[in-house]
Amino acid sequence: MSNILRRGRLASTPDEDIMEFTSSMKADKWIFDADIMVDLAHTIMLKEQGIIKDQDCSSILNGLLRIREEGIEKLDHTYEDIHIALESRLIDMVGEDVGGRMHSGRSRNDEVATCIRLTLRDEMISLMEELHVLRRTLCSVASYNIETLMPGFTHLQHAQPTTLAHHLMAHMDALGRDAERLMCAYSRVNLCPLGAAAFASTGFDIDRERTRQLLGFDGLMENSMDAVSSRDFLIECTAVLTNLMINLSKMAEELVIWSTSEFAFIELDDRYASTSSIMPQKKNPDTAELLRGKSGAVVGSLIALITTCKALPLSYNRDLQEATPNMWKAMETARSSVRMMEGMVRTMGVNKEVMASKSVMGFTTATELADTLVRVTGIPFRTAHQIVGILAREEGEIHLQQIDTVSYRVLGIKLSSKGLTEEMVCEALDHISNIKKRKVIGGPAFEEMEKAIVRRKGTMKRAEEEISALRNGSEASLNKLIELVKQYITKA
Ligand code: ARG
């Protein structure tokens, strides 16, 4: 059969090179399943509105189910996109007098936008689920490292003592915002453009509400021009993915650094490591490095996507075909990165002794000492900062006597005369007591961390319930659609 799309208006056919350039078949593997669903829903609506006959509807639905079973490989890949390949296969099966009626009252423009949204919504749900597995893992690794001491860093210099739980829960919270952003973006993704046709809607008496409902969308992309031309949902989603990848990349960077012999805080499980082809002793944190590297490609996808969409006039332009794969690529990378990070964190070995011993290095208790001088003697913080700073510069251990010597130099008084005792100095310099004192909300104190973990588990549970409601809703509507299809096939 000649090409159902080109046989009317166009006289010559593109050669392979042109087809390779213009076809979206490769990327359309993402939307094959969705396209079948969209075709099924549209066909049912056409029948219910009396636009096509019951018998034709039944044959089309039947054909579509067969194509679904055959899979995408059976389609003719020389067509310019999945929509035409699918329609041609249908017409092959059921004849043009029947199959040729499916595309009444719609265009590939509303069709493709609907397919992308339908597929994306499930990808987003899967990602949200995977992200919550990672967040649960962070919570559980944190919960048995509440008392695992480590140096906290600023500028990658030892700064103040903290705990591994505090550190991991920081990442946990950052990823929580990514999860929230995904959920927000989802509400703008799960809207139905179908019925917008090319851009001006259609003169057929279609029922947009019905196809929206059959496909389980929460609402309509109402304005038919906006429906076919807007891809801000792709930009928004890819921006959310980019942010997520940046957060994961920061974590990956730490896993790399923490695995060095200089740090030796952790050891990744062998399955996430590689070795050298020449240096037999090497254990390299390749999975973490690759995650860090792949985050760059996701940033690139976002830039490519925005640049493609920039300055496109209304309404549909073929450029949009180039926009979509950027998002798929970003989605695929983000989902696998989340899974890799989860596995690495869950299986890593934690060298608690090394971390604890390093937490005392680099005078990480200096802030607490300065704070103690302020609280006990009433001197201004800035003066205490100067005194402790001078002590940090000098060699040797710090005792009340050294503090008195410096304070005498700076202030002309010995702080012991203001009530400072050796015991107080000792306590200020003890890193465990440092952590215990930091019990304000969000601080690393053991009991505060325990409470924080409980709070996070609570919010996660609520978020997980929301996500599973989305999952169930999406699955239920598509199952219902298939049920209805089967009814309509047997009825006719
Ligand atoms: N492959 C196209 C895309 O991804 C489908 C829509 C084609 N529409 C058209 N008017 N050529 O955007």
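Values below: every heavy atom of this structure, side chains too, minus hydrogens, waters and symmetry copies. We count ligands from 1, going down the list as the structure has it; atoms in each ligand are counted the same way. Not measured: the values here are computed from a predicted model.
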Is the side chain of Asp28 donor-acceptor paired with the backbone N or O of Ile31 at a distance under 3.5 Å, no angle test?
no
So, regarding [X] and ligand 1 (criterion: nitrogen or oxygen to nitrogen or oxygen, under 3.5 Å), is there a contact or not?
{"X": "Asp28", "result": "no"}
{"X": "Arg318", "result": "no"}
{"X": "Ser24", "result": "yes"}

Describe, in one word, how the ring planes of His158 and Phe153 are oriented to each other, choosing from parallel (under 30°), tilted (30 to 60°) and perpendicular (over 60°).
perpendicular
Is the closest basic N to carboxylate O distance between [X] and [Y] below 4.0 Å?
{"X": "Arg108", "Y": "Asp81", "answer": "yes"}
{"X": "Glu342", "Y": "Arg346", "answer": "yes"}
{"X": "Arg462", "Y": "Glu465", "answer": "no"}

Could you tell me whether Arg117 sits above the aromatic face of Phe217, with NZ or CZ closer than 6.0 angstrom to the six-membered ring centre and within 45 degrees of the axis?
no
Decide whether Glu111 and His42 meet the rule of one side-chain donor and one side-chain acceptor closer than 3.5 Å.
no
Thr324 touching ligand 1 at heavy-atom level, < 4.0 angstrom
no
Starting from [atom], locate the nearest protein heavy atom and write down its residue, its atom name and how far away it is, to 0.1 Å.
{"atom": "atom 10 (N) of ligand 1", "value": "Asn109 OD1, 3.0 Å"}
{"atom": "atom 1 (N) of ligand 1", "value": "Gln321 OE1, 2.8 Å"}
{"atom": "atom 7 (C) of ligand 1", "value": "Tyr316 OH, 3.4 Å"}
{"atom": "atom 11 (N) of ligand 1", "value": "Arg108 NH2, 3.5 Å"}

Which atoms from ligand 1 have a heavy atom of Asp81 less than 4.0 Å away?
1 (N), 2 (C), 5 (C), 7 (C)
